[in-house]
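Heads up, the thing below is written out as structure tokens.
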There are 2 protein chains.
Amino acid sequence: MARIKIPAAPAIRRMPTYLHLIRQAEADGLEYISGTVIATELNLEPIQVRKDLALTGITGKPKRGYLVPALITAIEHFLGWDKPKNAILIGAGNLGTALTGYQEFQYHGLNFVAAFDTNPERIGKQIHGVPVLSLNSLEENVKNLGATIAVLTVPSSEAQETADMIVKTGIRAIWNFTNTKINVPENVAVQREDLTSGYAMLCAAMQLYMA
Amino acid sequence: MARIKIPAAPAIRRMPTYLHLIRQAEADGLEYISGTVIATELNLEPIQVRKDLALTGITGKPKRGYLVPALITAIEHFLGWDKPKNAILIGAGNLGTALTGYQEFQYHGLNFVAAFDTNPERIGKQIHGVPVLSLNSLEENVKNLGATIAVLTVPSSEAQETADMIVKTGIRAIWNFTNTKINVPENVAVQREDLTSGYAMLCAAMQLYMA
DNA sequence: TAGATTGTTAATCGATTAACAATC
DNA sequence: TAGATTGTTAATCGATTAACAATC
């Protein structure tokens, strides 16, 4: 079986941005928000916003727009962000440490319950309140931690080897921050986050703008 | 004038991955690498790899593939990665600190020459060898630093305000790591990096895989 | 040579955008 | 009511994939 392709991926990627804006509207005490307003705010086409939001199953009211609280609930449910998720961090370096401290994740139900590392100087300490354990103890700890996501922030050279360890624990979702493509069984979801690809886009834009 | 849309954006995003793999091939002493091999290695279609690489202007040899050193040069030139770029970091928090320490960037010609922050405890110190200066001194320092890119890692609440300051210095490329959409003049390139959008994709994949 | 791989031209697929009747 | 906004159906656009002659 081929790896599943996520349908409407671009729309899904836009959801958090919508959510962020709509939450602001909520904080501002707005009862309704229209696709037109969202589009203007985010420099998008109104029809695109309507199409995207329709994916969540929400329906709006002509002339008013969407009910703010219902829209928030709809997006969160669509993304599964209404159910808290426990994650473990594999590799407690700079980037990993930054991720555990990133408030926005907790805000969306993502909780780091432990970090694992091979560096003895890191083991036993805490990063943003998250205990750093030995990578050797990964398997024996995962069960109690109730983690369903592994965030991979080890050096590229160890990415595949570490991914294999993660898979062995039974975790089936890996958020891969290394710049290496990892091979995993078909039933394991991998989301690769490549910071250099964003940098490539910025450089391409610079070449266009400054030409 | 509307903001320029980058053509072939998906292909550009894949370039760093190709580069990474081809560099490995170079390290392994390979003289040629074929699109077929690259595709197999990265789980892509061979035709997609060929189409993407053609964008860089390279041509391959039937039966052999592409000359490895020429391919590296072609991709780097295509992305403008053959010209070193100086960047300043705005916001020396967790994420910003991690970025200045991210080896991969230096490897692609991105140099952090200074960081700016408002926190007196941070000012005067160094992060990964990069001096942290007062945000108040941004304007007077930018000229000497020769920076063409600003990496924005301040709290969301200060994103727009800080972006305005950056624009005022004459910098025309902003890499925005906040989850806020910033408004800038048409001649300023902005690349938004949204970690929560990757998380949204992972969650969507989890819902599909685990359904 | 035989056959793998390239690059070109065409077909398909999916995402974005447009048009517009329905509706509050 | 008048008019802004929704959701549906159709058109367009761009990216991916397919087919295949050229070539080393």
Side-chain angles (χ1 to χ4, degrees), chain A residues 2-15 17-18 21-22 25 30-71 74-75 78 197 200-201 204-205 208, chain B residues 2-15 17-18 21-22 25 30-71 74-75 78 197 200-201 204-205 208:
Chain A
R3 186 159 290 275
I4 299 166
K5 237 188 192 166
I6 311 288
I12 292 170
R13 290 190 163 279
R14 284 188 291 268
M15 291 293 175
T17 309
Y18 294 139
L21 182 73
I22 297 157
L30 282 164
E31 199 189 350
Y32 283 91
I33 189 165
S34 76
T36 317
V37 168
I38 295 171
T40 308
E41 211 73 40
L42 300 174
N43 266 54
L44 300 172
E45 296 297 325
I47 176 62
Q48 182 169 60
V49 175
R50 276 180 278 150
K51 269 273 160 71
D52 286 352
L53 297 182
L55 288 174
T56 69
I58 194 125
T59 57
K61 264 194 194 156
K63 194 112 156 78
R64 323 282 309 270
Y66 307 87
L67 199 57
V68 168
L71 191 45
I75 296 175
F78 177 75
S197 95
M201 283 294 290
L208 276 179
Chain B
R3 186 160 291 275
I4 300 165
K5 236 189 194 166
I6 311 290
I12 291 169
R13 289 190 164 279
R14 285 188 291 267
M15 291 293 175
T17 308
Y18 294 140
L21 181 73
I22 297 157
L30 281 165
E31 199 188 351
Y32 282 92
I33 190 166
S34 77
T36 316
V37 167
I38 295 172
T40 308
E41 211 73 40
L42 300 174
N43 266 50
L44 300 173
E45 296 297 325
I47 176 62
Q48 182 171 60
V49 174
R50 276 178 278 151
K51 268 273 159 75
D52 286 352
L53 296 182
L55 288 174
T56 69
I58 194 123
T59 57
K61 264 194 193 157
K63 192 111 156 86
R64 322 285 305 274
Y66 306 88
L67 200 57
V68 168
L71 190 46
I75 296 175
F78 177 74
S197 94
M201 283 294 291
L208 276 180

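The basis for the numbers below is simple: all heavy atoms, side chains too, and nothing from hydrogens, waters or symmetry mates. Below, chain A is the first sequence line, B the second, and so on; all start at residue 1. Fair warning: this is a prediction, and the values are worked out from it, not measured in the lab.
- For the OP1/OP2 pair of C:dA4 and a distance below 4.0 Å, the side-chain nitrogens and oxygens of B:Arg50 include no atom meeting the criterion.
- For A:Pro62, whose side chain is taken as the heavy atoms from C-beta onward, the closest listed nucleotide among D:dA15, D:dT5, D:dT17 is D:dT5.
- As rounded to whole Å, 12 Å separates atom P of D:dT8 from atom CG of A:Leu55.
- Checked by distance alone, B:Lys63 brings no side-chain donor or acceptor within 3.5 Å of a matching partner on the base of C:dT1.
- Residue-to-nucleotide contacts include a donor-acceptor pair under 3.5 Å from the side chain of B:Lys51 to the base of D:dT17.
- Between B:Ile38 and B:Leu53 there is a side-chain heavy-atom pair separated by less than 4.5 Å.
- Proximity of A:Ile47 to A:Lys51: side-chain heavy atoms (C-beta onward) are separated by under 4.5 Å at one or more points.
- Distance, A:Glu45 CD to D:dG14 P: 13 Å, rounded to whole Å.
- Between B:Leu67 atom CG and C:dT6 atom P the separation is 13 Å, expressed in whole Å.
- D:dA10: Watson-Crick or G-U partner is C:dT17, with both key distances under 3.5 Å.
- With contacts defined as side-chain heavy-atom distances shorter than 4.5 Å, the pair A:Thr56/A:Met15 qualifies.
- What separates NZ of B:Lys61 from C1' of C:dT6 is a distance of 12 Å, to the nearest Å.
- Across the interface with DNA chain C, nearest-nucleotide mapping of A:Pro7 and B:Ser34 shows B:Ser34 to be the residue nearer the 5′ end.
- Of the candidate nucleotides C:dA19, C:dT16, D:dA19, C:dT16 has the atom lying nearest to any side-chain atom of A:Gln48.
- Residue-level contact check: B:Ala8 touches the backbone only, with heavy atoms under 4.0 Å from sugar-phosphate atoms and none from bases.
- Between B:Glu41 and B:Tyr18 there is no side-chain heavy-atom pair separated by less than 4.5 Å.
- In this structure, B:Ile12 atom CD1 and D:dG14 atom P are separated by 14 Å, rounded to whole Å.
- Look at C:dA22: its Watson-Crick or wobble partner, with both distances under 3.5 angstrom, is D:dT5.
- Rounded to whole angstrom, the span from the CD1 atom of A:Ile38 across to the P atom of D:dA4 amounts to 19 Å.
- In terms of phosphate contacts, B:Lys5 brings no side-chain nitrogen or oxygen within less than 4.0 Å of OP1 or OP2 of C:dT16.
- The phosphate of D:dG7 has OP1 or OP2 within less than 4.0 Å of a side-chain N or O from A:Tyr66.
- Here the P atom of nucleotide C:dA15 and the CZ atom of A:Arg13 are 13 Å apart, to the nearest Å.
- Rounding to the nearest 0.5 angstrom, the gap separating the CD1 atom in B:Ile75 from the CG atom in B:Leu55 is 10.5 Å.
- Computed from coordinates, the B:Leu53 CG to C:dT5 C1' distance equals 13 Å when rounded to whole Å.
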